A.B. asks: 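Got a structure for you, written out below as structure tokens; questions coming shortly.
All heavy atoms count here, side chains included; hydrogens, waters and symmetry mates do not. For reference, positions follow the sequence shown, starting with 1. Owing to the predicted nature of the structure, the values given are computational and were not obtained by experimental measurement.
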Amino acid sequence: MTLPDRSALSRRDYLRALVAVGGASALSACLSESGDEEVDVPSGTDDPDSLPARQHAWNEFLSTDDDGNVQLPEHHVLVALSLSTEPTDEAREQVEDALRALERAYEWSNEGLVFTLGYTPAYFDRFDGSLPDSVDLPDPEPIVGDVDRFDEFDAVLHLASDHPEVTLEAEQGLFGERDEYNGLEIETDLTGVFERVDERRRTGFVGAGLPANHTDLDGVPESIPDEAPSLMGFRSGFAESQAPEDRVTVAEGPFEGATTQHVSSMGLNLRQWFEQDSQHQRVQKMFSPEHADEDAVGATGEKLTTTNGLTDERIAATEADASDRGVVGHAQKAARGREDGKPPLLRRDFSTVDDDRPGVHFLALQEGIEDFVRVRRAMEGTDLDVTNLNNGITGYIFVDRRGNYLLPPRSLRALPPANPD
């Protein structure tokens with residue numbers, strides 16, 4: 001792929017664009033851009049027992065904002081993988097050695113690298129036995145009839161770091177296109193076991209100010225706030241509105257310590273969102289009418305601290321808001337999918353401009369996929385008496401593709417059998 005034009009982009013946007021392009025030339029350009037400001041990336045550990053037993057155990061190792069909410073790394077890559085050999089013990093050893101090389105090279109943090117390797121139902125279909133009943137991992141399917149394109153390759157590797165060169169270096173090294181990680185020689189990679197499905201590679205970003213850097217694209221209006229942390233303008237990831245990692249972890253069975261992951265890749269109609277609607281209307285549709293009435297959100301969500309403000313009363317008012325006020329909030333509807341008043345999903349989604357179009361890769365962790373489906377159906381609001389453009393954000397998002405994955409515990413992350421002993 002052609003590298004982006006450096007002269008037309010800010011440094012931050014140029015680095016983001018290089019991650020999206022990927023490949024050796026993008027990594028070379030990224031390292032060259034760093035120049036004298038090259039970041040000293042902290043190295044990892046030779047002791048695998050010092051790392052968490054769960055692949056998805058990121059929270060305590062990431063930074064937090066001033067309110068105490070976990071901050072996801074700034075740069076993300078989802079590398080789609082197809083298995084090119086049988087899942088033998090030898091292949092498992094190779095995969096594990098390749099992943100441990102990353103952990104030796106980079107600290108398990110946003111300043112280094114965090115990652116997960118997840119497997120699709122299609123991967124497990126090759127085994128004679130089926131997944132245990134304790135794992136809820138169905139084939140992806142349309143939810144309220146929205147899409148019929150699904151991730152049916154074998155696995156996906158999620159790489160995330162605050163430093164764009166780290167994600168690029170890790171991806172290149174895993175596929176034999178680089179000799180070292182962070183100064184350490186690479187002895188084992190994934191070649192011969194996995195092949196990349198390049199057309200399904202996905203990238204994105206998280207961070208205040210990053211969305212406004214993309215107003216050069218046709219679908220990103222200049223009216224997006226300069227300080228917006230997401231393409232739709234508002235903060236998310238509030239600690240009290242997210243499931244804790246314990247809540248999304250498989251609690252029993254041979255995959256104890258695992259979690260399931262759902263990824264929805266979606267396009268966004270930002271011009272209509274920012275140029276047709278007022279700030280008051282956007283707050284109504286993103287949160288709830290009461291949020292807008294009480295000026296509880298601010299320009300980008302800065303008035304919200306560790307919660308999105310969805311009280312039991314605001315959630316219970318969803319149907320009445322639809323019929324009496326003619327508008328309901330996205331978060332308000334989705335909160336109806338809570339169990340015992342607690343959120344079942346841990347979101348790690350990120351904005352994207354893949355293919356030069358604004359969108360979001362909505363990545364959610366949950367104990368079982370049914371938790372995601374329940375929340376997604378509640379968010380759709382087909383039971384509510386309200387027009388599409390006043391039904392939260394359903395009229396502004398368009399699902400392109402879905403995928404379901406199992407993220408095994410670290411001890412089973414290398415080509416797990418369907419039902420380990």
Side-chain angles (χ1 to χ4, degrees), residues 54 56-60 64-65 67-72 134-136 143-144 230 234-252 256-262 264 283-298 301-325 327-349 362-386 391-394:
R54 304 169 183 174
H56 61 285
W58 290 12
N59 286 0
E60 69 174 287
T64 57
D65 64 20
D67 294 315
N69 301 304
V70 171
Q71 290 184 305
L72 289 176
S134 56
V135 173
D136 173 27
I143 302 175
V144 293
S230 71
F234 296 107
R235 293 173 69 191
S236 62
F238 302 103
E240 295 176 44
S241 302
Q242 292 262 66
E245 288 173 340
D246 285 347
R247 169 66 180 81
V248 304
T249 299
V250 176
E252 59 184 12
E256 179 182 353
T259 190
T260 66
Q261 173 179 277
H262 179 88
S264 297
V283 172
Q284 286 184 315
K285 295 177 185 181
M286 183 60 75
F287 297 98
S288 80
E290 289 76 14
H291 280 74
D293 292 347
E294 298 172 11
D295 191 22
V297 173
E302 69 276 7
K303 290 186 177 182
L304 301 170
T305 55
T306 59
T307 174
N308 61 13
L310 263 298
T311 62
D312 291 342
E313 292 75 19
R314 286 173 175 166
I315 299 168
T318 303
E319 186 173 345
D321 285 342
S323 59
D324 299 343
R325 305 191 58 166
V327 62
V328 290
H330 162 73
Q332 179 184 27
K333 291 183 299 170
R336 298 182 300 162
R338 293 179 178 178
E339 285 189 330
D340 301 323
K342 298 178 181 179
L345 308 186
L346 174 56
R347 292 176 48 185
R348 287 178 173 161
D349 47 286
F362 185 92
L363 191 155
L365 305 181
Q366 54 282 309
E367 184 176 8
I369 294 298
E370 178 54 36
D371 290 326
F372 171 80
V373 172
R374 184 180 68 256
V375 173
R376 179 65 179 83
R377 286 176 174 160
M379 186 274 281
E380 190 67 18
T382 55
D383 58 314
L384 301 173
D385 183 18
V386 65
N391 187 3
I393 61 174
T394 56

A.B. asks: Do H262 and V373 have side chains that approach each other closer than 4.5 Å (heavy atoms only, starting at C-beta)?
C.D. replies: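 No, their side chains stay 4.5 Å or more apart.
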A.B. asks: I'd like to know if E294 and K303 make a salt bridge, using a cut-off of under 4.0 Å between side-chain N and carboxylate O.
C.D. replies: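 No, this pair does not count.
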A.B. asks: Quick check: does any side chain N or O of N391 sit under 3.5 Å from a backbone N or O of T394, one acting as donor and the other as acceptor?
C.D. replies: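 Such a contact is absent between N391 side chain and T394 backbone.
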A.B. asks: Mind running salt bridge (charged side-chain N to carboxylate O under 4.0 Å, His left out) on R374 and E370 for me, showing each step along the way?
C.D. replies: CA-CA 6 Å; R374 184 180 68 256; E370 178 54 36; 5.3 Å; no
A.B. asks: Could I get the full list of side-chain hydrogen bond (donor to acceptor under 3.5 Å, both in side chains) partners for D385, not counting sequence neighbours?
C.D. replies: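 Not a single residue meets the side-chain hydrogen bond (donor to acceptor under 3.5 Å, both in side chains) criterion with D385.
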A.B. asks: CD/E339 to CG/D371 distance, rounded to the nearest 0.5 angstrom?
C.D. replies: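 Reported to 0.5 Å precision, the distance equals 5.5 Å.
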A.B. asks: When you measure from the side chain of R348 to the backbone N and O of A364, does any donor-acceptor pair fall under 3.5 Å?
C.D. replies: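 Absent.
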A.B. asks: Determine whether V283 and F234 make a side-chain contact, defined as any pair of heavy atoms from C-beta on separated by less than 4.5 Å.
C.D. replies: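 Yes, at least one pair of side-chain atoms sits under 4.5 Å.
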A.B. asks: Please list, chain by chain and in numerical order, all residues satisfying ring-ring contact (aromatic ring centres under 6.0 Å, His included) with H291, sequence neighbours excluded.
C.D. replies: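 Scan of H291 (ring-ring contact (aromatic ring centres under 6.0 Å, His included), adjacent residues dropped) gives F287.
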A.B. asks: Under the 3.5 angstrom rule, does the side chain of D136 hit a backbone N or O of I369 as a donor-acceptor pair?
C.D. replies: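 Yes, because the side chain of D136 sits within donor-acceptor range (under 3.5 Å) of the backbone of I369.
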A.B. asks: Any side-chain heavy-atom pair from D67 and F238 closer than 4.5 angstrom?
C.D. replies: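 Sidechains of F238 and D67: no contact.
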A.B. asks: With sequence neighbours left out, write down each residue that passes side chain to side chain contact (heavy atoms under 4.5 Å, CB included) with P343, or none if nothing qualifies.
C.D. replies: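 For P343, the residues satisfying side chain to side chain contact (heavy atoms under 4.5 Å, CB included) (neighbours in sequence not counted) are R338.
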A.B. asks: Measuring only between side-chain heavy atoms, which start at C-beta, is D293 closer than 4.5 Å to R325?
C.D. replies: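 Side chain of D293 against side chain of R325, heavy atoms only: contact under 4.5 Å found.
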A.B. asks: Dump the intermediate steps for side chain to side chain donor-acceptor pair (under 3.5 Å) on S288 and H330, then the final yes or no.
C.D. replies: CA-CA 7 Å; S288 80; H330 162 73; over 6 Å; no
A.B. asks: Minimum heavy-atom separation for G337 to A378, with atom names?
C.D. replies: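 Looks like N-CB, 3.9 Å.
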A.B. asks: So does L346 get a backbone contact from the side chain of Q366, meaning a donor-acceptor N/O pair under 3.5 Å?
C.D. replies: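 No: the side chain of Q366 does not pair with the backbone of L346.
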A.B. asks: Report the distance from atom CG of L304 to atom CG of N69, rounding to the nearest 0.5 Å.
C.D. replies: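 Going from the CG atom of L304 to the CG atom of N69 covers 10.0 Å.
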A.B. asks: Quick check: does any side chain N or O of R336 sit under 3.5 Å from a backbone N or O of V375, one acting as donor and the other as acceptor?
C.D. replies: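 Side chain of R336 to backbone of V375: no pair is present.
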A.B. asks: Can you tell me how far apart CZ (R376) and CG (L345) are? Round to the nearest 0.5 Å.
C.D. replies: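 Nearest 0.5 Å value for the CZ-CG distance: 12.0 Å.
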A.B. asks: In the structure I gave you, are the side-chain heavy atoms of M286 and I393 within less than 4.5 Å of one another anywhere?
C.D. replies: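 In contact.
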A.B. asks: State, yes or no, whether a side-chain contact exists between K342 and E240 at a heavy-atom distance under 4.5 Å.
C.D. replies: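 No, every pair of side-chain atoms sits at 4.5 Å or beyond.
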A.B. asks: Could you grab the distance from atom OG of S236 to atom CG of D349, nearest 0.5 Å is fine?
C.D. replies: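 Result: 5.5 Å between the selected atoms.
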A.B. asks: What residues, two or more places apart in sequence or in another chain, satisfy side-chain hydrogen bond (donor to acceptor under 3.5 Å, both in side chains) together with E319?
C.D. replies: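 Listed in chain order: nothing, the list is empty.
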A.B. asks: Yes or no on side chain to side chain contact (heavy atoms under 4.5 Å, CB included) for R235 and V297, after CA distance, side-chain angles and deciding distance?
C.D. replies: CA-CA 9 Å; R235 293 173 69 191; V297 173; over 6 Å; no
A.B. asks: For A251, does its backbone N or O pair with a side-chain atom of T249 as donor and acceptor, under 3.5 Å?
C.D. replies: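 Checked: no pair found.
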A.B. asks: Identify, with sequence neighbours excluded, every residue that meets side-chain hydrogen bond (donor to acceptor under 3.5 Å, both in side chains) alongside E256.
C.D. replies: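 Expected list: none.
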A.B. asks: For residues P289 and D321, report the shortest heavy-atom separation together with the two atoms involved.
C.D. replies: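 The pair with the smallest heavy-atom distance is CD-OD2, 3.7 Å.
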A.B. asks: With a 4.5 Å cut-off on side-chain heavy atoms, are P344 and F372 touching?
C.D. replies: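 No, too far: nothing below the 4.5 Å cut-off.
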A.B. asks: Between atom OG1 of T259 and atom CD of E367, what is the distance when rounded to the nearest 0.5 Å?
C.D. replies: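 The OG1 atom of T259 sits 8.0 Å away from the CD atom of E367.
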A.B. asks: Any side-chain heavy atom of T318 sitting closer than 4.5 Å to one from L384?
C.D. replies: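 Sidechains of L384 and T318: in contact.
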A.B. asks: Who are the side-chain hydrogen bond (donor to acceptor under 3.5 Å, both in side chains) partners of E60, not counting sequence neighbours?
C.D. replies: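 By the side-chain hydrogen bond (donor to acceptor under 3.5 Å, both in side chains) rule, E60 matches no residue at all.
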A.B. asks: Between Q332 (side chain only) and G329 (backbone N and O only), is there a donor and an acceptor less than 3.5 Å apart?
C.D. replies: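 Checking the backbone N and O of G329 against the side chain of Q332, a donor-acceptor pair under 3.5 Å is found.
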A.B. asks: Is there a donor-acceptor pair under 3.5 Å between the side chain of E290 and the backbone N or O of R314?
C.D. replies: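 Judged by distance alone, no pair lies under 3.5 Å.
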A.B. asks: Looking at K333 and M379, would you say the former's side chain and the latter's main chain have a donor-acceptor pair under 3.5 Å?
C.D. replies: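 Side chain of K333 to backbone of M379, a donor-acceptor pair under 3.5 Å: yes, one is there.
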